[in-house]
Amino acid sequence: MYDHRQIEKKWQEQWVNSHLYQIQDDKSLPKYYVLDMFPYPSGEGLHVGHPKGYIATDIIARKKRMEGFQVLHPMGWDAFGLPAENYAIKNKVHPKVAMDKNIKNFKRQLNLLGFSYDWSREINTTDPSYYRWTQWIFLQMWRKGLAYESFAPINWCPSCQTGLANEDLEDGHCERCGTLVEQRPMRQWVLKITDYADRLLTDLDKLPDWEEAIKEMQRNWIGRSEGTEIEFKISNSEDIITVFTTRVDTIFGCTYVVLAPENELVQKLKASIKNWSEVEKYIEEVKNKTDLQRTDLNKEKTGMVLDGVLAINPFNQEKVEVYVADYVLNSYGTGAVMAVPAHDERDFEFAERHNLLIRRVIVDESKRVDFEIAYTDDGELINSGDFSGLSSKEAREKMSDYLVSINKGRKKINYKIKDWVYSRQRYWGEPIPLIHCDKCGVVAVPEENLPVILPEVESYQPTGTGESPLAAITDWVNVDCPQCGGQAKRETNTMPQWGGSCWYYLRYLDPKNDQDLVASDKDKYWSPVDLYVGGAEHATRHLIYARFWHKFLFDIGVVNYDEPFTRLKHVGLIMGEDGRKMSKRWGNVINPDDMTERFGADALRIYEMFMGPFDQAAAWNTNGLSGTRKFLEKVNNTSFDLSIKEDRKIVSLLHKTIKKVSEDINEFHFNTAVSALMILINAITEYRQAKQLSPLTREQWDSFLQILSPFAPHLSEELWSQNGHESSIFLSSWPIYEEKLIKDEVTNYIIQVNGKLRAQIEMPAEASEDEVITKAKADVNVVKWLEGKEIKKSIYVSGRLVNFVV
RNA sequence: GCCGCGGUGGCGGAACUGGUAGACGCGCUGGACUUAAAAUCCAGUUGUAGAGAUACAGUGCGGGUUCGAUUCCCGCCCGCGGCACCA
């Protein structure tokens with residue numbers, strides 16, 4: 001039994017004292033930037049699931065250093081946000097006090113696991129010297145018109161009493177507290193991420209080392225769709241209904257037009273709507289529905305005709321009725337659609353229910369016609385005037401061109417992604433650095449006055465009025481206008497939790513710079529992040545926001561590259577022993593402190609890597625951890641108390657293992673890398689027991705310790721020093737396998753008859769096809785199956801097998 | 001509904017570009033050591049039949065291609081994740 005407590009403590013102290021992981025910014029070396037998604041330091045501390053990704057990046061960082069790279073591997077804290085604030089409200093403690101305590105605990109826990117972070121670059125998003133730059137970036141966006149004030153209805157969480165972005169919702173509920181979100185009109189600061197939608201989408205193709213799944217999630221979230229805007233003039237009126245459609249080819253099948261209930265045009269048309277009182281009543285009903293009720297696909301489609309209003313189809317001058325119906329969303333496209341019930345499921349459903357005309361204009365001869373459902377595929381146009389006979393695809397082109405020629409429409413691209421609601425009516429966030437002046441309007445806080453420090457308040461309680469608790473601090477709110485010097489008021493909303501995390505990876509490059517966000521030469525050397533590891537839940541939140549900010553920073557010349565993360569890997573969750581998500585609620589949380597105390601950090605690290613494929617969820621099993629501990633015991637027991645007799649086979653296995661472990665680490669196949677290390681140590685142990693000899697020389701054993709060291713840094717360092725080395729194993733060079741040692745002297749051939757395995761034979765590696773086949777035919781087990789039969793064909797695969805077809 | 005990923009022993013999982021299915025680990029069974037237990041070590045562990053050699057079946061289901069399929073193709077079933085009245 002080795003004393004992991006003593007060994008791990010000893011080396012952790014030694015590594016800190018020798019500044020082993022502090023980088024020197026030696027720009028002559030090749031660089032490697034490996035980054036973890038920095039944690040939100042919650043009061044509960046880490047459970048064993050959190051460090052899984054950190055273990056992987058630590059393994060990579062250690063290996064890369066040994067391969068001669070200058071490695072940047074930093075850590076910091078994403079410390080603004082609601083949980084700390086809610087805790088503060090409940091316990092009357094300043095969120096900063098609670099956060100500092102949590103951070104201390106997190107750091108202690110991370111250090112227990114022996115991570116090789118360069119703590120000299122630690123950052124904290126709540127540090128004024130940090131959020132100065134978060135505010136600075138916001139101001140640059142505001143100057144470029146990318147941050148704007150909006151009064152449109154937004155998602156409002158009645159429990160957190162704040163507005164939320166679309167990305168903060170889960171199935172219509174607040175992502176933080178689970179409360180059903182309402183729509184509420186409110187003044188908000190909004191970031192125009194839609195201006196970047198197209199680049200965010202197309203540039204995904206420049207990221208071959210991102211997992212396809214994550215890219216696909218972003219593509220869906222951005223939701224680009226190409227279509228056509230078409231103007232329907234209203235009969236006997238100058239008003240125009242503009243609709244968006246991706247299927248202009250179906251327009252001859254348009255039998256009515258639908259407006260979203262919130263569409264401004266409805267109010268504008270009031271005078272000409274004969275049944276206004278009914279329409280008004282319907283709109284009122286819709287307003288009282290929650291978003292969830294409205295978007296429930298199973299409910300019947302409701303709506304109301306606008307009596308007296310007719311819209312003119314620009315293609316055939318047909319006058320069609322106009323409806324309001326809540327199956328049309330005001331927030332997408334133009335808030336109005338042309339309804340083609342024959343070729344759209346939703347329109348079909350509505351038309352059936354309201355007995356509206358269904359006119360078929362697309363057919364496909366090769367497919368069965370079913371009049372019970374809408375036909376939504378492409379086909380050939382019929383009953384479509386001059387466009388009849390065209391394919392859907394051709395028609396979309398020609399009809400769009402036609403619309404342009406008669407000045408009644410145009411091609412248009414729409415996105416599902418919405419502008420980012422960026423302000424929060426809460427306390428614990430970065431103050432938005434703007435000032436409202438009656439005379440000058442909205443004015444920026446001068447850059448030399450940044451940061452706008454988050455002031456102390458009496459109460460953190462949210463107000464629910466649309467203002468944050470900061471509004472109550474009058475001597476902070478009231479300021480002189482930086483432009484005219486007159487009386488003005490500060491913006492009191494704060495930024496969302498995602499603000500500080502949009503650019504933190506840049507600050508690690510130059511954490512103490514008080515002139516610039518990051519010095520350009522440092523960005524040029526270190527950027528982009530070579531490897532970024534974190535949870536998939538950030539695919540459509542942090543990872544989209546950060547790419548958006550990064551592209552903006554690139555556009556204004558702050559950074560040198562337009563994508564921040566070259567390679568992205570997502571970590572699979574570690575579930576509780578019961579298979580459920582680890583949570584206090586289920587009582588299934590496993591604490592890493594207990595596990596390192598009982599089994600050691602090295603055993604824990606190896607176990608988490610060995611559990612299964614890195615990106616897959618896996619249930620915790622403490623028995624498995626005792627297995628990896630046993631493996632380390634075997635390593636520890638492999639000492640040089642025996643005389644050395646180099647064994648060709650084991651040396652060959654060592655070199656195969658060096659090859660496999662090196663490749664597997666690069667590919668994130670940590671589980672099979674660990675397995676390879678186990679196979680090797682089992683072979684060595686067996687040999688030692690059988691022959692009472694050491695099959696490897698000290699130098700060869702050193703190589704084994706080196707490939708083990710990223711996984712089990714403490715024990716490897718200990719055994720390395722016991723083996724006579726004065727300097728750290730992590731300052732040594734990663735071993736390189738020898739090709740000639742990997743080649744086997746004998747090859748194992750499998751012999752099949754009719755594809756079934758019947759025998760195995762060993763042949764010298766250089767044996768010829770004829771030799772192998774002759775020997776195979778002679779094998780007793782094969783003879784049995786060939787007797788009295790005619791060999792029709794012999795298949796020979798060099799180095800692998802022989803198959804006789806009889 | 002759409003998109004993505006997956007389905008292999010009692011369990012986690014392995015299997016290179018089609019070539020010994022079940023590596024490695026856990027668990028379990030038997031044995032050694034011990035007064036006993038733990039720890040450790042040894043043997044076994046996909047199913048069926050057999051004392052065994054061995055034979056047959058077997059990677060969600062049904063087909064196909066191939067000398068040979070967990071791997072490729074077609075059609076299904078199930079699970080997980082994301083998106084969703086987005087026109």
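In what follows, every chain begins at residue 1, and chains take the letters A, B, ... in the order their sequences are listed.
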Rounded interatomic separation in angstrom, taking [atom1] from [X] and [atom2] from [N]:
| X | N | atom1 | atom2 | value |
| --- | --- | --- | --- | --- |
| A/Q689 | B/rU40 | CD | C1' | 11 Å |
| A/E349 | B/rG1 | CD | P | 14 Å |
| A/K793 | B/rG68 | NZ | C1' | 10 Å |
| A/D664 | B/rA23 | CG | P | 18 Å |
| A/F614 | B/rC5 | CZ | P | 19 Å |
| A/L632 | B/rG25 | CG | P | 13 Å |
| A/K301 | B/rA84 | NZ | P | 16 Å |
| A/R800 | B/rA21 | CZ | P | 13 Å |

Please work out if [X] contacts a base, only the sugar-phosphate, or nothing of the nucleic acid, heavy-atom cut-off 4.0 Å.
| X | answer |
| --- | --- |
| A/W620 | nothing |
| A/V328 | base |
| A/E216 | sugar-phosphate |
| A/G627 | sugar-phosphate |
| A/I679 | sugar-phosphate |
| A/V805 | sugar-phosphate |
| A/A618 | nothing |
| A/N748 | base |

The side chain of [X] is closest to which nucleotide in this list: [options]?
| X | options | answer |
| --- | --- | --- |
| A/Q760 | B/rA87, B/rU20, B/rC67 | B/rU20 |
| A/K756 | B/rA57, B/rG19, B/rC26 | B/rA57 |
| A/S675 | B/rG4, B/rA23, B/rG82 | B/rA23 |
| A/M217 | B/rG25, B/rA87, B/rG82 | B/rG82 |

Hey, is [X] close enough to [Y] for a salt bridge, meaning N to O under 4.0 Å?
| X | Y | result |
| --- | --- | --- |
| A/K289 | A/D326 | yes |
| A/R396 | A/D249 | yes |
| A/D198 | A/R224 | yes |
| A/E170 | A/R541 | yes |
| A/E597 | A/R5 | yes |

Check: [X] side chain, [N] base, donor-acceptor under 3.5 Å:
| X | N | answer |
| --- | --- | --- |
| A/R219 | B/rC83 | no |
| A/N623 | B/rC26 | no |
| A/Q616 | B/rG13 | no |

[atom1] atoms of [N] and [M], separation to the nearest Å:
| N | M | atom1 | value |
| --- | --- | --- | --- |
| B/rU59 | B/rA21 | P | 12 Å |
| B/rU45 | B/rG9 | C1' | 9 Å |
| B/rC3 | B/rU70 | C1' | 25 Å |
| B/rC80 | B/rG44 | C1' | 36 Å |
| B/rU54 | B/rA36 | P | 39 Å |
| B/rA84 | B/rG25 | P | 45 Å |
| B/rC11 | B/rG22 | C1' | 13 Å |
| B/rA14 | B/rC78 | C1' | 24 Å |

Syn or anti conformation of B/rG9, syn meaning chi within 90° of 0: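 Judged by the O4'-C1' to base torsion, B/rG9 sits in syn, the angle falling within 90° of 0.
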Mate of [N] where both pairing distances stay under 3.5 Å, Watson-Crick or G-U:
| N | answer |
| --- | --- |
| B/rG6 | B/rC78 |
| B/rU71 | none |
| B/rG47 | B/rC56 |
| B/rG1 | B/rC83 |
| B/rA21 | none |
| B/rC41 | B/rG31 |
| B/rA15 | none |

Ring centroid separation A/F350 to A/Y256 under 6.0 Å: yes
Validation row: A/L207, A/R547 side chains within 4.5 angstrom (heavy atoms):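 Yes. Closest side-chain heavy atoms under 4.5 Å.
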May I ask you to evaluate whether [X] reaches the phosphate of [N], defined as a side-chain N or O under 4.0 Å from OP1 or OP2?
| X | N | answer |
| --- | --- | --- |
| A/W221 | B/rG4 | no |
| A/Y332 | B/rA87 | yes |
| A/K630 | B/rC26 | yes |
| A/R758 | B/rA55 | yes |
| A/N671 | B/rA14 | yes |

Spacing of NE2 belonging to A/H655 relative to CD1 belonging to A/I650, to within rounding of 0.5 Å: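 CD1 of A/I650 is found 12.5 Å from NE2 of A/H655.
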Most 5' of A/N682 and A/K416 on RNA chain B, judged by nearest nucleotide: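 First, find each residue's nearest nucleotide; the 5'-ward one identifies A/N682.
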RNA chain B: 5'-proximal contact among A/P613 and A/F804 (nearest heavy atom):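 Nearer the 5' end of the strand: A/P613.
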A/Y332 six-ring face occupied by A/K416 cation (under 6.0 Å, within 45°):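 Here A/K416 fails the 6.0 Å and 45° test against A/Y332.
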